[in-house]
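What follows is one structure encoded as structure tokens, with my remarks underneath.
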Number of protein chains: 2
Amino acid sequence: MSRSHISVTDLVTEENPACPVAEVLDRVAGKWAIGILVAAAKGPVRFTELERRVEGISRRMLTLNLRKLEREGLLERTVYPTVPPKVEYTCTPMAMELHETLMTLVDWAKRHSADIARAQEAYDAAQAADVA
Amino acid sequence: MSRSHISVTDLVTEENPACPVAEVLDRVAGKWAIGILVAAAKGPVRFTELERRVEGISRRMLTLNLRKLEREGLLERTVYPTVPPKVEYTCTPMAMELHETLMTLVDWAKRHSADIARAQEAYDAAQAADVA
DNA sequence: CCGTATCCCATACGATACTG
DNA sequence: CAGTATCGTATGGGATACGG
């Protein structure tokens, strides 16, 4: 995430060369961001509940990603000073704007996961044939 | 990309526990994939042209990502055995289905990049205040 | 023109253990 | 409950040089 390079969107923003849109996309494009955002879209969610919903994520990675998303203004973190502590995460309106797009992405992945698996097999088979 | 964990979509596919949708999303979610796909959506593109359009990408990373996307069945690679060699990359129909969603994502990033920058500043300022 | 090969660093990530 | 700390590995990615 160094500031020294721009990646995606100079394609789209040719009038503004230093536009940081690429960085923004890089964030959403992390391994866990989409899962967390989708899991938090239905309403306030507690830390442990997120840990359950985003399957496979470690406690550490969940924390790091939550902090990052909060810093970007995509999640709001609310601490209730009770014992035991209670912390809730909520999508901001900005993040909610993204929700439909994210779901479309997930839906596309679902529809094509079999195609992709077949494509990979075919590709690998072709490679193996070239070696021989 | 180990096969041992599932991440995103158990949220969505609770009837199919071993669904590899998460992996698929992980691919699209890489640092360069979106940029490459968008750049290739307008028609057949040559290697060098991609190198120019996806600003900041190294030759190595472009090659690796092109191979990955080809293997997944998102790009088709056509070699013309001329001298000098000519290679064209084209989005498959499956990838084209994704194009609108990708553009929506890019558009969202453009609309909110300033908001995000401000959110980050505010967050950092709050952190600094907590230390003091 | 379209790559590959090598080296090396930064960071993402997981596992485990500890705490207010 | 909701984290933090520390450690170790794996992968991503840049720089450079070379090749068909």
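Below, each value reflects all heavy atoms present in this structure, side chains not excepted, and no hydrogens, waters or symmetry copies. Labels below follow one simple rule: chain letters A, B, ... track the order of the sequence lines, proteins then strands, and each chain is numbered from 1.
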Residue mapping more 5' on DNA chain C - nearest nucleotide basis, Thr48(B) or Pro85(A): Thr48(B)
Within-4.5 Å side-chain heavy-atom neighbours: Leu98(A) and Leu105(B): yes
Student check: side-chain heavy atoms of Glu97(A) and His112(B) closer than 4.5 Å: yes
Let's see if you can work this out: which of [options] has an atom nearest to the side-chain heavy atoms of [X]?
X	options	result
Thr63(A)	dT4(C), dC13(C), dG3(D)	dG3(D)
Pro84(A)	dC1(D), dC2(C), dG14(D)	dC1(D)
Ser58(A)	dG14(C), dT6(C), dT4(C)	dG14(C)

Main-chain N/O of Met94(A) paired with Trp108(B) side-chain donor or acceptor, under 3.5 Å: yes
Take atom [atom1] of [X] and atom [atom2] of [N], then tell me their distance rounded to the nearest Å.
X	N	atom1	atom2	answer
Leu62(A)	dT16(C)	CG	P	18 Å
Trp32(A)	dC13(C)	CH2	P	8 Å
Asn65(B)	dG13(D)	CG	P	7 Å
Glu49(B)	dC1(C)	CD	C1'	13 Å
Lys68(B)	dT11(D)	NZ	C1'	11 Å
Ile36(B)	dG13(D)	CD1	C1'	13 Å
Met61(A)	dC13(C)	CE	P	6 Å
Ile57(B)	dA15(D)	CD1	C1'	15 Å

If you compare every side-chain N and O of [X] against the phosphate oxygens of [N] (OP1, OP2), does one of them come in below 4.0 Å?
X	N	value
Tyr89(A)	dC1(D)	no
Arg77(A)	dG3(D)	yes
Arg67(A)	dG3(D)	yes
Arg60(B)	dG3(C)	no

All side-chain hydrogen bond (donor to acceptor under 3.5 Å, both in side chains) counterparts of Asp124(A), not counting sequence neighbours: Arg71(B)
Common cluster, Leu74(A)/Tyr123(B), ILVMFWY with side-chain heavy-atom separation under 4.5 Å: no
Touch class at under 4.0 angstrom, heavy-atom based, for Arg46(B) against every strand present: sugar-phosphate
Estimated bend of the helix from dC1(C)-dG20(D) to dG20(C)-dC1(D) (axis per five terminal pairs, rounded to 10 degrees): 50°
Lys/Arg N to Asp/Glu carboxylate O, Arg118(B) vs Asp115(B), below 4.0 Å: yes
Only distances under 3.5 Å count here; give the side-chain donor-acceptor pairs of residues 43-50 of chain B to other protein atoms, sequence neighbours excluded, each with its distance to 0.1 Å.
{"residue": "Glu49(B)", "atom": "OE1", "partner": "Arg52(B)", "partner atom": "NE", "Å": "3.4"}
{"residue": "Glu49(B)", "atom": "OE1", "partner": "Arg52(B)", "partner atom": "NH2", "Å": "2.6"}
{"residue": "Glu49(B)", "atom": "OE2", "partner": "Arg53(B)", "partner atom": "NE", "Å": "3.0"}

